[in-house]
Amino acid sequence: MKKNSKKNPEMFKGNKKVIKSILSFGQKARLTDSSFTKIPNRVLEIDSYPSILKKGKVPLTKENLEAAFKEFIKEHKTTFKVDAENLKLISAKNINKKWHIKYAQYYKGIPVYDACVSLETSQDGKVHSYLTNYLPDIKVNTKPVVKLSEAVSIATKTYPKKYSEKMIDKDSTLIIYPEIKDGEILHHLAWMFILSEEQTNPETEKYFIVDALDGKIISSYTANFPGATVSGTVRGEIYPTNPTDTVSTMPLQHNTVEILGVGNSTTNQSGVFSAHIPWWVEIFFPHQAIFRLEGPYARVRDNNGNDYVVNRNYNPGGTCNQTWTDTDRDHINLFYHMNLYHDWLLSELGYSWVNLDGTNRFNAQVNYSFSNAYAGNPMTFGTNNFARSSDVIYHECTHNVLNHEYNGYIGWPNNYTEAYAMDEGFADYFASSFTNESRHGEGYTSSPRDLNNTRQYQGKDNFNLEGHTGGTVIGGAAWVLRQRMIDHFGQSGARIADQLILEAHQILSTYPRNYFFSDPHESNLLSALYRAADIDNNLLNGFPYFYDIQKAFHTHNLLQAILEDGDSFDFSTNNLGKFIGGDLYYYQGKFWANNLKQKGVVDLGNIGEADLETVSIPNTGYTKFGVNAVAGNTYISKAQEGEAAGYIAFRVLSVSADKSKVTLRYLYRFNPNWHVANTRTLEIHKMDCHWVSLMHNHNKLLCKDLNEAAKLIKDSGYNGCHFCLPRYDTDALSKQKVISNLNEDLE
Ligand SMILES: [Zn+2]
Ligand SMILES: [Zn+2]
């Protein structure tokens, strides 16, 4: 603290020079002194240029403006009694063909509370007026003795206990604070900060100015007063789904708005942002909000890497809205849909997207001249339609998500591999699941890819599809799984499928490369799906959704295995062994089932392409000892001991010339006569019913024929499953009707 004498002897010493200087401003200049500081606080009608502008011959530009007027203040130092070295330009606004220049006063690099110098000039730099509340002759220790944390704790103690624990400081800054006391100015080195609760509470939020040398509270006042905030809504023109859609104006969420001098505020779901305007911003900064297509989760720039920027002025306390419009609005659309997709992944799948480098914001650049879109960082989007199709945007974002999980793309750049087909197929899948539309890119292409398709897998040795096409095979299987889940659970079943598939990828990504659809010798998605579905670290005792996954893969001919000489294979877990374990083993051109728990195989001969789901399962003819593997023949294997009432229908697709390798496709089957009763819910199901896979094993009661099931229904209050045994469903039918149905079926 230093007392500043009311009398200023310098004033009189320089009197002569001052007069001369005023004349140099022009005849009409009028000067008044501050009654506190005794230096001029107001000089009007100056009519004089900074000398470096050579009376207007050198044009005034944004570049030379700061220096020019600093020079001007220096040139008239004897009049102004202001040290230009202590000034920093904080704003220069051109309003109505006049420049309004504002410098803040600093003392040894520390801002002086409220102190500034303002100049008003003509367009070419002729100064008209000078205003200031500059504080001369500050002398104060600039090294705080009291730490900020100590100052905060001093301030916190002024609150009742129920608040004091919750108050946190923000906007903290070290200032020089002038206090006027008994007509004199005292200079304090002080901490200035706001104390507020985590959730803004205008009742408790207060400013504090605490002396940084002795810890005394110099001043405190409530932080919220009219004009201390700016808020607004950000909207943008977007294409709701497809490039051909009617453009609609939607709120832009997760959009960071920069309030000059304050920092950033981010829009909420309704596109609304608001920011508190601290005192020094109100005083020192132009009231300007800067809008970019940027936020915590997405940033869109042009193809040169430049931001799209709009600056808007605001009035403190007022609103500042921004609606992004453009005839070519690709960038706006991209920003909107990236954020939409981010939120869907997060809220529906609990997945927060990340780049390979760990950052959370996906970057995109737009308006390239190519006809395509590419994943990467940044993602790049070509001509109009690619950035206008929400499908394409979600697709590219998914590539980046999977890229993060796999620490690289699944298969790219090997474009004709199963792995790359997974890159493309699942980029399509998640985009389609979000939009709930199996077609991908309708609206930008006349032949959109469709996950609802019947394309068949050619087998591992013959696979030769380009990734986007191959992707419709594996993505198609995923879509079948999703549809089955919707059939079981309603629309929310889609999320179960999404979750399973995402987890399967997270599991598969931990396996060594390369990646395949289903082959048990390789790191494959089918095995990963089984593990994602499993709940007890034991695949052999069954797991939820088993038959749904089987059926999904079966639909696209994806249940295939290549067995090598000596391989045993468990069909229901996709696990290989050597001779032992599994349902059977392949050895010297034959299928064998003579090891522990293996039960036997029967050859049905060549029955053509009959669907493995419907070939009838014989009761007899099974052998454990060497059934010849013949290309084209269909076989039934009993499932190994411990798997309830299971069979496997399989067909040999090829046998290598030296018989060292057999390729087969298969489908797990259940004994059609067997039923499962749930002892907890008293519901009876067919073995392949979806609900059986969700049942706890200890609740399962096996019925080896319909007779046993009928007894439970007739005598013990059991009920047929609504989905798989609707003829015996007493919830939908009268008990009498169910009994007559049972009697009919038992005949
Ligand atoms: Zn792609
Ligand atoms: Zn059922």
Side-chain angles (χ1 to χ4, degrees), residues 341 362 364 370-377 379-382 385-387 389-403 406 408-417 419-432 440-441 444-445 448-449 451 465-475 484-485 487-489 505 542 544-548 551 644-645 670 672 674-695 699-703 706 709 712-713 718-732 738:
Y341 192 55
F362 279 11
F370 46 72
S371 289
N372 213 333
Y374 297 95
N377 191 10
M379 295 180 271
T380 47
F381 288 78
N385 284 350
F386 292 92
S389 160
S390 61
D391 282 352
V392 175
I393 297 168
Y394 308 151
H395 176 105
E396 301 308 330
C397 288
T398 309
H399 273 317
N400 277 24
V401 165
L402 292 174
N403 182 290
Y406 282 87
Y409 294 110
I410 308 175
W412 176 262
N414 303 309
N415 351 5
Y416 290 84
T417 59
Y420 179 52
M422 288 197 269
D423 272 320
E424 295 302 343
F426 288 100
D428 281 356
Y429 172 81
F430 285 104
S432 283
H440 185 87
Y444 84 84
T445 165
R449 296 192 291 275
L451 293 180
L465 298 175
E466 191 278 335
H468 293 82
T469 309
T472 62
V473 177
I474 190 70
R484 289 182 67 91
M485 293 299 171
D487 293 345
H488 300 319
F489 298 102
H505 279 293
Y545 318 118
F546 165 70
Y547 206 61
D548 295 301
K551 283 297 291 290
F670 294 95
W674 283 44
H675 292 77
V676 183
N678 187 328
T679 57
R680 193 177 62 82
T681 63
L682 306 188
E683 295 248 328
I684 295 183
H685 305 267
K686 286 159 92 169
M687 291 291 293
D688 62 358
C689 178
H690 162 80
W691 296 102
V692 174
S693 75
L694 296 179
M695 219 183 273
N699 290 330
K700 285 178 186 169
L701 175 64
L702 285 176
C703 309
L706 187 55
L712 291 175
I713 292 171
Y718 278 76
N719 177 27
C721 165
H722 181 72
F723 296 96
C724 64
L725 294 173
R727 278 169 65 77
Y728 316 142
D729 177 13
T730 54
D731 293 337
V738 166

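Below, all heavy atoms of this structure are taken into account, side chains as well, without hydrogens, waters or symmetry copies. Just so you know, residue 1 is the first one in the sequence shown, and it goes up from there. In listed order, ligands and their atoms are each counted from 1. In this text, all values refer to a predicted model and were calculated from it rather than measured experimentally.
Ring pair Tyr406/His505 is perpendicular by interplanar angle, where above 60° counts as perpendicular and below 30° as parallel. Below 30°, between 30° and 60°, or above 60°: for His395 and His399 the angle between ring planes is above 60°, a perpendicular geometry.
The N, O or S atom of Glu424 lying closest to the Zn ion (ligand 1) is OE1. Per residue His685, closest N, O or S atom to the Zn ion (ligand 2): atom name ND1.
Angle SG (Cys689) to the Zn ion (ligand 2) to SG (Cys724): 110°, rounded to 10°. Computed with the Zn ion (ligand 1) at the centre, the His399 NE2 to His395 NE2 angle is 90°, stated to 10 degrees.
When distances to the Zn ion (ligand 2) are checked against a cut-off of 2.8 Å, His690 contributes no N, O or S atom below that limit. Residue contact annotation: Glu396 places no N/O/S atom under 2.8 Å from the Zn ion (ligand 1).
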Quiz prompt | side chain to side chain contact (heavy atoms under 4.5 Å, CB included) between Phe362 and Val401, intermediate numbers included | solution = CA-CA 10 Å; Phe362 279 11; Val401 165; 4.1 Å; yes
Quiz item: What's the verdict on side chain to side chain contact (heavy atoms under 4.5 Å, CB included) for Val738 and Asp729, showing C-alpha distance, side-chain angles and the deciding distance?
Solution: CA-CA 7 Å; Val738 166; Asp729 177 13; 5.8 Å; no
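Of the inter-residue distances, the one linking Phe546 atom CZ with Asp688 atom CG reads 10.5 Å to the nearest 0.5 angstrom.
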